[in-house]
K.L.:
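Next up is a structure, given as structure tokens.
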Amino acid sequence: MNNSVRNFTAFIFVAVFLLGGCSAQLAGSNDDSQAIRFGIASMPQNLDPRFATDASSERINQLLYARLVNFNESLLPVPGIADWQQLDDFSYIFRLKPERLPFTNGVPVTAKDVVATYRFVLDRKSLSPHRQSLSMIESVQRVDDETIKFSLKQPDPLFPAYLQLGIMPASSASDKEPDENVLHGSGEFELISKKQNRLTIQRRTDKQIVIFDLVKDPTVRVLKLINGEIDLLQNDLSPEMVGYLRQTEGIRSLQRRGHNFSYIGFNLNDRYTGDKRIRKALAQAINRTEIIQYVFQGAASRAESVLPGSHWAGHDQLQAYRFNPDKARQILSDLGYGPENPLQLTYKTSTDPFRIKLATVIQQQLKTVGIEMVIKSYDWGTFFGDIKAGNFQMYSLSWVGINTPDIFNYAFHSESLPPEGANRGRYVSSQVDSLLETAKKSSSLEQQKSYYRQIQEIVHSDLPYIPLWYEDQIAFTAEDIQGYRLSANGNYLSLNDIQRSKPH
């Protein structure tokens with residue numbers, strides 16, 4: 001056992017002892033004795049799939065709302081609640097499956113609901129952040145109760161893969177701000193209640209309750225798992241906590257390589273971070289290999305692009321930004337910065353202790369080349385709000401659940417500025433815009449792949465993001481929890497199958 005795990009074990013022992021006296025009282029406050037309780041680090045920001053963009057919302061909305069199209073493990077589009085047929089280069093017919101679930105108010109899902117959901121997002125007045133990614137759609141029409149026709153502005157062989165919106169009832173889809181507590185979806189789960197620190201959903205097949213409890217502090221999440229106050233937690237743990245839980249009796253561990261892309265983003269309208277030379281110096285001053293080896297203890301892999309190289313549209317030949325502090329110092333010296341005149345930058349992150357630890361390591365690495373980085377940490381809501389508003393110089397986040405190369409349109413097209421997209425750093429490249437639009441018009445996936453590889457090369461060179469790593473997916477469950485599986489993108493879809501093996 002290494003020193004960090006040994007020290008954390010000693011801390012946990014004391015904390016468990018102190019917490020043990022009140023654990024019964026804490027656990028007893030939950031009347032749902034057979035519920036499966038999931039400890040999460042941040043609550044979903046929006047349960048309306050037309051506006052949700054944060055990871056927690058996306059993962060939970062996948063459980064509450066059915067989609068026309070899903071993805072298999074190979075990240076290829078497969079039918080969700082509809083099969084499809086391509087009529088010609090510009091039009092597709094989608095037919096709803098007979099076995100689809102109704103909305104949770106008992107009303108069947110019909111073509112009218114699909115049309116209303118998509119038309120709302122396509123309306124520029126709606127200010128949906130998903131509008132730009134669906135901009136290739138010319139029109140959405142109801143053919144009959146079971147059939148929807150999508151007409152495109154230009155051919156796109158990947159079109160079905162973009163239809164990832166959760167379908168809402170037409171009555172709600174016409175309302176810009178429906179009441180979250182009465183939203184009706186047609187997914188595998190039904191929303192029971194949402195409170196400030198707790199969200200409760202119920203599986204529709206067998207009435208199994210799943211409770212998402214907000215536990216911001218990862219140490220407290222670990223303690224609650226050990227004490228039986230929660231049954232499941234996933235990610236957002238330091239390597240020391242992971243090592244400790246693996247040695248804890250009665251706790252099951254799961255781990256697999258992940259595809260979620262972590263990066264440092266920049267405000268390109270800022271005087272300093274808008275300078276590509278400074279961004280390049282930053283990229284060469286960060287020792288990613290050291291961070292992965294010693295901070296993550298190997299539970300991550302280096303990344304050069306949003307999409308992993310194994311993705312059909314990925315690029316596994318991008319030239320990595322190697323750790324080269326001498327080059328970084330030279331760039332900064334040429335710009336007039338050095339030990340007597342350090343470059344001062346501000347880096348925003350969440351209050352999660354491990355994210356702050358990562359920020360501190362990066363801060364120390366940058367200090368050696370003459371950059372003074374001030375770390376500012378905020379609760380998740382404030383932090384994410386600042387990022388969407390462009391109120392930052394530097395920040396770090398992860399893209400999760402990325403299945404299609406449309407992420408490049410969503411994150412880097414000059415027309416994808418918030419609130420209509422996620423180009424939060426205000427990156428503008430006429431070359432990237434042109435390639436993105438050409439890729440959409442391409443008639444084959446091979447042609448699209450070629451254009452997306454070019455886009456990745458330009459973005460990699462321009463550095464609106466410093467690519468960091470793909471973090472492993474890691475989860476821990478109570479011993480009596482069965483059927484939970486990890487996906488590469490960290491979704492919660494295996495909650496559809498999770499079971500408790502014995503009375504709780």
Side-chain angles (χ1 to χ4, degrees), residues 50 53 68-69 75-77 84 86-92 118-140 149-165 261 263 265-266 268-269 276 304-307 311-315 317-318 390 399 402-465 467:
R50 301 168 303 169
T53 58
L68 293 180
V69 177
L75 300 182
L76 296 172
W84 67 85
Q86 184 174 2
L87 300 181
D88 53 47
D89 287 347
F90 293 87
S91 55
Y92 287 77
Y118 276 89
R119 282 184 178 174
F120 180 93
V121 171
L122 290 169
D123 184 351
R124 185 179 289 272
K125 294 178 182 178
S126 73
L127 299 181
S128 168
H130 303 295
R131 189 187 69 81
Q132 179 63 20
S133 65
L134 297 169
S135 61
M136 81 292 289
I137 298 175
E138 178 69 34
S139 65
V140 189
K149 181 180 180 181
F150 287 87
S151 298
L152 309 184
K153 297 174 183 176
Q154 66 268 331
D156 190 334
L158 195 60
F159 171 68
Y162 300 138
L163 301 183
Q164 289 294 290
L165 287 177
F261 171 73
Y263 64 94
F266 299 101
L268 300 188
N269 288 335
K276 179 180 173 179
E304 298 301 331
S305 181
V306 181
L307 297 178
H311 191 283
W312 69 266
H315 195 327
Q317 300 299 316
L318 291 170
W399 279 110
I402 303 304
N403 297 313
T404 73
D406 190 60
I407 180 61
F408 299 112
N409 188 71
Y410 186 52
F412 300 120
H413 196 289
S414 62
E415 293 186 1
S416 291
L417 302 180
E420 295 188 355
N423 186 350
R424 296 158 184 153
R426 280 62 179 172
Y427 174 66
V428 176
S429 167
S430 58
Q431 192 177 5
V432 167
D433 285 354
S434 177
L435 285 168
L436 284 167
E437 289 152 15
T438 303
K440 286 184 179 181
K441 298 174 184 176
S442 300
S443 58
S444 75
L445 291 184
E446 279 304 309
Q447 288 178 331
Q448 285 198 353
K449 179 178 180 178
S450 173
Y451 290 121
Y452 285 122
R453 286 173 67 92
Q454 292 178 60
I455 289 165
Q456 287 169 86
E457 289 167 3
I458 296 168
V459 170
H460 192 263
S461 174
D462 286 349
L463 279 175
Y465 291 171

K.L.:
Check step by step if side-chain contact (heavy atoms from CB on, under 4.5 Å) holds for Y465 and V459.
P.N.:
CA-CA 8 Å; Y465 291 171; V459 170; 5.9 Å; no

K.L.:
Assess the residue pair H315 and I455 against the criterion (side-chain contact (heavy atoms from CB on, under 4.5 Å)); give the C-alpha distance rounded to whole Å, side-chain angles, the decisive distance to 0.1 Å, and a yes or no.
P.N.:
CA-CA 10 Å; H315 195 327; I455 289 165; over 6 Å; no

K.L.:
Would you say that W312 contacts P405 through its side chain, given a criterion of any heavy-atom pair below 4.5 Å between the two side chains?
P.N.:
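Yes, side chains in contact.
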
K.L.:
Measure up the Y263 and F261 rings against each other and bin them: parallel (under 30°), tilted (30 to 60°), perpendicular (over 60°).
P.N.:
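Y263 vs F261 ring planes: parallel.
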
K.L.:
Mind listing the closest non-hydrogen atom pair of S442 and P157 along with its distance?
P.N.:
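Of all heavy-atom pairs spanning S442 and P157, the closest is O-CD, 3.0 Å.
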
K.L.:
Using modelled atom types and a 3.5 Å cut-off, is there a donor and acceptor pairing between side-chain atoms of K153 and backbone atoms of S135?
P.N.:
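Yes, K153 side chain to S135 backbone: donor-acceptor pair under 3.5 Å.
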
K.L.:
Should we count CD of Q447 as having more than 12 external heavy atoms under 6.0 Å?
P.N.:
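Check passes, neighbour count above 12.
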
K.L.:
Minimum heavy-atom separation for L307 to T404, with atom names?
P.N.:
CD2-O, 4.3 Å

K.L.:
Are Y451 and Q448 packed together at the side-chain level, in the sense that at least one heavy-atom pair is separated by less than 4.5 angstrom?
P.N.:
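No, their side chains stay 4.5 Å or more apart.
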
K.L.:
Rounded to the nearest 0.5 Å, what separates atom NZ in K276 from atom CG in L268?
P.N.:
11.5 Å

K.L.:
Apply the test side chain to side chain donor-acceptor pair (under 3.5 Å) to residues H130 and Q164: give CA-CA distance (whole Å), side-chain angles for both, the deciding distance (0.1 Å), then the verdict.
P.N.:
CA-CA 10 Å; H130 303 295; Q164 289 294 290; over 6 Å; no

K.L.:
Would you say N409's side chain and H413's backbone share a donor-acceptor pair under 3.5 angstrom?
P.N.:
no

K.L.:
Check step by step if side chain to side chain donor-acceptor pair (under 3.5 Å) holds for S430 and D433.
P.N.:
CA-CA 5 Å; S430 58; D433 285 354; over 6 Å; no

K.L.:
Taking the side chain as C-beta and beyond, is there a heavy-atom pair between F159 and I137 under 4.5 Å?
P.N.:
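F159 vs I137: side chains touch.
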
K.L.:
What heavy-atom pair brings Q132 and K440 nearest, and what distance separates the two atoms?
P.N.:
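Reported closest heavy-atom pair: O-NZ, 3.9 Å.
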
K.L.:
Please report the shortest heavy-atom distance between P160 and V69, naming the atom on each side.
P.N.:
O-CG2, 3.3 Å

K.L.:
Let's go through Y452 and K449 carefully: what are the C-alpha distance in whole Å and the side-chain angles of both, what is the deciding distance for side-chain contact (heavy atoms from CB on, under 4.5 Å) to 0.1 Å, and is it a yes or a no?
P.N.:
CA-CA 5 Å; Y452 285 122; K449 179 178 180 178; 5.9 Å; no

K.L.:
Check whether R426 reaches the backbone of R424 with its side chain - one donor and one acceptor, N or O, closer than 3.5 Å.
P.N.:
yes

K.L.:
Can you classify the ring geometry of Y118 versus F150 as parallel (below 30°), tilted (30 to 60°) or perpendicular (above 60°)?
P.N.:
perpendicular

K.L.:
Just so I know, are the side chains of L68 and W84 near enough to count as touching, which here means a heavy-atom distance under 4.5 Å?
P.N.:
no

K.L.:
Check the pair D462 / F412 against side-chain contact (heavy atoms from CB on, under 4.5 Å), numbers first and verdict last.
P.N.:
CA-CA 11 Å; D462 286 349; F412 300 120; over 6 Å; no

K.L.:
Per the side-chain hydrogen bond (donor to acceptor under 3.5 Å, both in side chains) rule, which among H311, Q456, E457 passes with S305?
P.N.:
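Result: among H311, Q456, E457, Q456 is the only option passing the side-chain hydrogen bond (donor to acceptor under 3.5 Å, both in side chains) with S305.
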
K.L.:
Using side-chain heavy atoms (C-beta onward) and a distance below 4.5 Å, is E415 in contact with E420?
P.N.:
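E415 does not reach E420 side chain to side chain.
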
K.L.:
Are any of the side-chain heavy atoms of K149 and V140 separated by less than 4.5 Å?
P.N.:
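No. Closest side-chain heavy atoms not under 4.5 Å.
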
K.L.:
When you compare the side chain of Y162 with that of M136, does any pair of heavy atoms fall below 4.5 Å?
P.N.:
yes

K.L.:
How many angstroms lie between atom OG of S444 and atom CG of D156, to the nearest 0.5 angstrom?
P.N.:
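The OG atom of S444 sits 11.0 Å away from the CG atom of D156.
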
K.L.:
Working to the nearest 0.5 angstrom, can you tell me the gap between S461 OG and I458 CD1?
P.N.:
8.5 Å

K.L.:
With a 4.5 Å limit on heavy-atom distance, are the side chains of S126 and R50 in contact?
P.N.:
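No, side chains not in contact.
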
K.L.:
Given Y410 and W399, is the side chain to side chain donor-acceptor pair (under 3.5 Å) satisfied, shown in steps?
P.N.:
CA-CA 11 Å; Y410 186 52; W399 279 110; over 6 Å; no

K.L.:
Quick one: does any side-chain atom of S151 pair with a main-chain N or O of S139 as donor and acceptor, under 3.5 Å?
P.N.:
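Flag not set: sc S151 to bb S139 has no pair under 3.5 Å.
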
K.L.:
Report the distance from atom CG of D406 to atom CG of L436, rounding to the nearest 0.5 Å.
P.N.:
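Spacing of CG (D406) from CG (L436) equals 8.5 Å.
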
